[in-house]
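Report on the following structure.
Quantities reported herein were computed from a predicted structural model and do not represent experimental measurements. Proteins come first, then strands; the chains are lettered A, B, ... in the order of their sequence lines, and each starts at number 1.
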Amino acid sequence: MKRVMALILGVFFAGASLSAGSKTGSLYDLPSVWRNTKNEKVGLGLAKGKPVLIAMIYTSCAHSCPMTVNKINEIKRTLVEAKLEDPVVILASFDVKRDRPAKLKKYQSIRKLDESQWIFLSPESELSARELAVVLGVNYKDLGNGDFSHSNSVSLLDSQGHLVASINSLSEGTAIFVNAMKAQTK
Amino acid sequence: MIGIGLLLTNIAIAVGQAGDLVQIPSGSVEAIWLSPVAKSNIRKGPSQTRKYVRGFKAQKTAVTKGDFVEFLRENPQWDKNSISAIYADESYLKNLSQSNSKAPITYVSWFAARAYCKWKGLRLPSVNEWEYMAAASEKKYDANRDSQFLQRILNWYGEPQGGELKTVGSIYKNIYGLWDMHGLIWEWVEDFNSNFVTGESREDGSFNKDMFCGAGSMSSADKENYAAFMRFAFRSGLRGTSSVWNLGFRCVQ
């Protein structure tokens, strides 16, 4: 049994170190289809050319999703204060059924999030949502009653869509994003 | 004339694809990987963790090396040299050149497994579907409370690891006609990232609300089905790009 647990833990830690050392591809390689708040079909690369902060949410979420928006605002403020580029934000929902474009558009206006800076995306299908979540390292489960169980992650993409930094809890510091952004401009 | 030829070809292809699938009837499986957690906002008793699974078709065996080589011939963008780094790590298809085309394909990432299933007009099973298929022994549909069956699985997990994998169809056939659900390889599922390892099962003893919104996690307290806990722990350590020597897959419809 110890042997097998060692194998399982070995896989886990091997996975962690490999991701630190290996080259990352671009999220914009993903073929997944999404819809913007105008109900137009789009790919993830719609903000290509600029750095992007990306996170996954669902609008029926009472607890952590408003906190995710706050966290992103905090990161943006920190970057601007450090005289670095203010990234565009992509918020992609994993709630295929409920978060259709009209609902996301409503959420955006209620939260007063500027359309030129904040992009809300509805997944075209479960496949799109699951694929993006796997790439971003976001765990989620549809609990079937309108609620989702999910982890909280915010990631920074460079102008070509490569994942260069991320936090996996909303209480983590924002320094990692400043450092990653500075490394980009070198 | 050409039209009839195409029609006959399509029928032949459809029959060929359907040939390796078995029908799995609708039923339910106890979601043993969902112990209710004290701080959760889901109030479920043990009886409510039984999950309904709608009937579906499943491949009798895991996808083989030979199957996957055929996929690569027609889809070279998925071969080791061409694949995007977003889809696989450096171990991708590490042992492909080794012989035995009837061994299960392994060192294959979640993205590649998904792409193969899609190419066949199929998909990966969900966790619920996979556990439902895996709950069956040779004689029982649900052997998850059969201590002998569970012990066999633990024995397989405890066997010395390494060397060449056995061929598909060599371990055991369950009551659905599915081969080697245990004892050969671990298998990918579509929603492998839908569960959490937290609380008692990790070093930090507290349920961190900043990390997770929602409920449901498995702890090692579920000693009755330790094998399921191990699968659960294994899945939660995976990434979409993970390529592991004994992790492969089968597809469903």
Chi angles and distances behind the side-chain contact (heavy atoms from CB on, under 4.5 Å) call for B:Asp191, A:Tyr140
CA-CA 8 Å; B:Asp191 52 344; A:Tyr140 78 90; over 6 Å; no

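- Heavy atoms closer than 4.5 Å to chain B are found in both the backbone and the side chain of A:Glu131.
- Taking OG from B:Ser194 and NE2 from A:His150, the interatomic distance works out to 14.0 Å, rounded to the nearest 0.5 Å.
- Considering CG of A:Asp29 and CZ of B:Phe111, their distance stands at 10.5 Å, rounded to 0.5 Å.
- Here CG of A:Leu30 is found 5.0 Å from OH of B:Tyr87. Values are rounded to the nearest 0.5 Å.
- Closest non-hydrogen pair, B:Gly240 versus A:Val134, comes out as CA-CG1, 3.3 Å.
- Within 6.0 Å of the NZ atom in A:Lys50, the count of heavy atoms belonging to other residues, nucleotides or ligands exceeds 12.
- Summarising the geometry, atom CG belonging to A:Leu27 is positioned 4.5 Å from atom CD1 belonging to B:Ile86; distances are rounded to the nearest 0.5 Å.
- Judged by distance alone, with hydrogens and angles left aside, the side-chain atoms of B:Arg114 form a donor-acceptor pair with the main-chain N or O of A:Leu127 at under 3.5 Å.
- With hydrogens and angles disregarded, a donor-acceptor distance shorter than 3.5 Å links the side chain of B:Asn193 to the backbone of A:Val138.
- Nearest approach of A:Gly25 to B:Ser84, heavy atoms of both residues: CA-OG, 4.4 Å.
- Crowding of B:Gln77 atom CD: a count of heavy atoms from other residues, nucleotides or ligands under 6.0 Å exceeding 12.
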Please determine whether side-chain contact (heavy atoms from CB on, under 4.5 Å) holds for the pair A:Arg130 and B:Trp110, giving the CA-CA distance in whole Å, both sets of side-chain angles, and the decisive distance to 0.1 Å.
CA-CA 11 Å; A:Arg130 183 63 60 184; B:Trp110 178 79; 3.8 Å; yes

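- Interface residues of residues 93-126 of chain A toward chain B, defined by a heavy-atom distance below 4.5 Å: none.
- Applying the 6.0 Å contact sphere to NZ of B:Lys80 captures more than 12 heavy atoms from other residues, nucleotides or ligands.
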